[in-house]
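Some notes on the structure that comes next.
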Amino acid sequence: MSNLQDSAQRYGAVSRLLHWAMAALLVWQYLTVIVPEGHFLESIVGGTHKSVGLLLMVLVVIRLFWALSNRGRRPASLSVPAMLGHLALYGLMVLIPLLALVRQYGSGRAFEAFGMTIMSGFDGNKIEWMIAPASLLHGNLGWLLLVLIIGHIVMAFLHRRQGDEDVLARMIGR
Ligand code: HEM
Ligand code: HEM
């Protein structure tokens with residue numbers, strides 16, 4: 001049981017599963033917006049942006065609660081910038097899909113994902129204040145998150161090579 005939880009030396013199985021599953025889903029998510037029309041990958045990822053985005057929203061909420069319940073038990077941040085960087089990743093992972101889901105609701109259109117009706121839609125006017133924030137920010141923050149993720153990956157490998165603390169091992173496990 002205990003290796004499910006985080007410890008001071010490494011992230012536990014649940015944290016690692018959430019970290020790597022979300023990393024894989026984010027690769028998929030960016031492919032849905034990067035892959036050009038007609039590319040063979042489009043037949044795999046095409047049309048899945050909203051469903052995968054919803055799944056990422058659900059996972060980040062679980063991950064946040066898990067992180068909070070493991071606070072004080074997890075490996076210490078390497079530095080204040082590292083801690084702020086992780087905080088920014090969390091902030092964007094919550095905000096980006098949240099804005100989009102609010103816009104989806106405000107559009108009044110039905111939203112189905114994974115065979116379930118998530119929003120049934122409504123008749124009448126769109127709700128503009130629900131639509132505007134995502135139209136302004138969803139895509140831009142989405143690209144900002146991608147930049148931060150690339151920085152995050154570079155830093156993870158830099159810290160490993162510098163040999164001060166093997167941060168990669170904390171997230172990979174043994
Ligand atoms: C963590 C999850 C998500 C990420 C990282 C993400 C990322 C992105 C990015 C980078 C773009 C811009 C594409 C471009 O510039 O052409 C975009 C567009 C879009 N996304 Fe997402 N998205 C996420 C979740 C969602 C969800 C949950 C929905 C809907 C329920 C959604 C709906 C849309 C729509 C409709 C667009 C096109 C309009 C726009 O750019 O705002 N996304 N997304
Ligand atoms: C090849 C891809 C990736 C590598 C090698 C990697 C590596 C790592 C490592 C080594 C840590 C532990 C840092 C420490 O102990 O101080 C970590 C933590 C973290 N990573 Fe990544 N990462 C990757 C992708 C991502 C992606 C796509 C995200 C999503 C935005 C992300 C978000 C986080 C967050 C928020 C933490 C803090 C721990 C937590 O609450 O989960 N990582 N990562």
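Atoms within a ligand are numbered from 1 in the order they appear, just like the ligands themselves.
Counting heavy atoms from C-beta on, the side chains of Met171 and Arg10 never come closer than 4.5 Å. Annotation: side chain of Val14 is not in contact with side chain of Gln5 (no heavy-atom distance under 4.5 Å). Put simply, the side chain of Gln9 does not reach to within 4.5 Å of the side chain of Pro75, judged on heavy atoms.
Only the side chain of Ala156 comes within 4.0 Å of ligand 2, counting heavy atoms alone; its backbone N, CA, C and O stay farther away.
Near Ala23, meaning under 4.0 Å from any of its heavy atoms, are these atoms of ligand 2: 27 (C). Near Tyr11, with a cut-off below 4.0 Å to any heavy atom, the atoms of ligand 2 are 12 (C), 14 (C), 15 (O), 38 (C). Within ligand 2, the atoms closer than 4.0 Å to a non-hydrogen atom of Trp20 are 2 (C), 3 (C), 4 (C), 5 (C), 6 (C), numbered from 1 in the order shown. Close contacts of ligand 2 with Leu168, meaning ligand atoms under 4.0 Å from a residue heavy atom, involve 5 (C), 10 (C). Heavy-atom proximity to Leu89, at under 4.0 Å, picks out these atoms of ligand 2: 30 (C), 32 (C), 33 (C). Interface of Arg170 with ligand 2, defined as ligand atoms under 4.0 Å from a residue heavy atom, comprises 14 (C), 15 (O), 16 (O).
Put simply, His86 stays out of reach of atom 21 (Fe) of ligand 2, with no N, O or S atom under 2.8 Å from it.
The closest approach between a heavy atom of Arg63 and any atom of ligand 2 is below 4.0 Å. Residue contacts with ligand 2 include Arg74, since one of its heavy atoms falls under 4.0 Å from the ligand. Taking 4.0 Å as the cut-off, Leu78 does not count as a neighbour of ligand 2 on heavy-atom distance.
Using cut-offs of 30° and 60° on the angle between ring planes, the pair Tyr105 and Phe122 is tilted. In this pair, His19 and His152 present their aromatic rings tilted. The plane angle is within the 30 to 60° band.
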Between ligand 1 and the protein, which N/O pairs are shorter than 3.5 Å?
{"unit_1": "ligand 1", "atom_1": "15 (O)", "unit_2": "Trp143", "atom_2": "NE1", "d": "3.0"}
{"unit_1": "ligand 1", "atom_1": "20 (N)", "unit_2": "His49", "atom_2": "NE2", "d": "2.8"}
{"unit_1": "ligand 1", "atom_1": "20 (N)", "unit_2": "His138", "atom_2": "NE2", "d": "2.8"}
{"unit_1": "ligand 1", "atom_1": "22 (N)", "unit_2": "His49", "atom_2": "NE2", "d": "2.8"}
{"unit_1": "ligand 1", "atom_1": "22 (N)", "unit_2": "His138", "atom_2": "NE2", "d": "2.8"}
{"unit_1": "ligand 1", "atom_1": "41 (O)", "unit_2": "Arg103", "atom_2": "NH1", "d": "2.9"}
{"unit_1": "ligand 1", "atom_1": "41 (O)", "unit_2": "Arg103", "atom_2": "NH2", "d": "3.0"}
{"unit_1": "ligand 1", "atom_1": "42 (N)", "unit_2": "His49", "atom_2": "NE2", "d": "2.8"}
{"unit_1": "ligand 1", "atom_1": "42 (N)", "unit_2": "His138", "atom_2": "NE2", "d": "2.9"}
{"unit_1": "ligand 1", "atom_1": "43 (N)", "unit_2": "His49", "atom_2": "NE2", "d": "2.9"}
{"unit_1": "ligand 1", "atom_1": "43 (N)", "unit_2": "His138", "atom_2": "NE2", "d": "2.8"}

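Screening residues 58-76 for salt bridge (Lys or Arg N to Asp or Glu O under 4.0 Å), with sequence neighbours left out, gives Asp6-Arg74.
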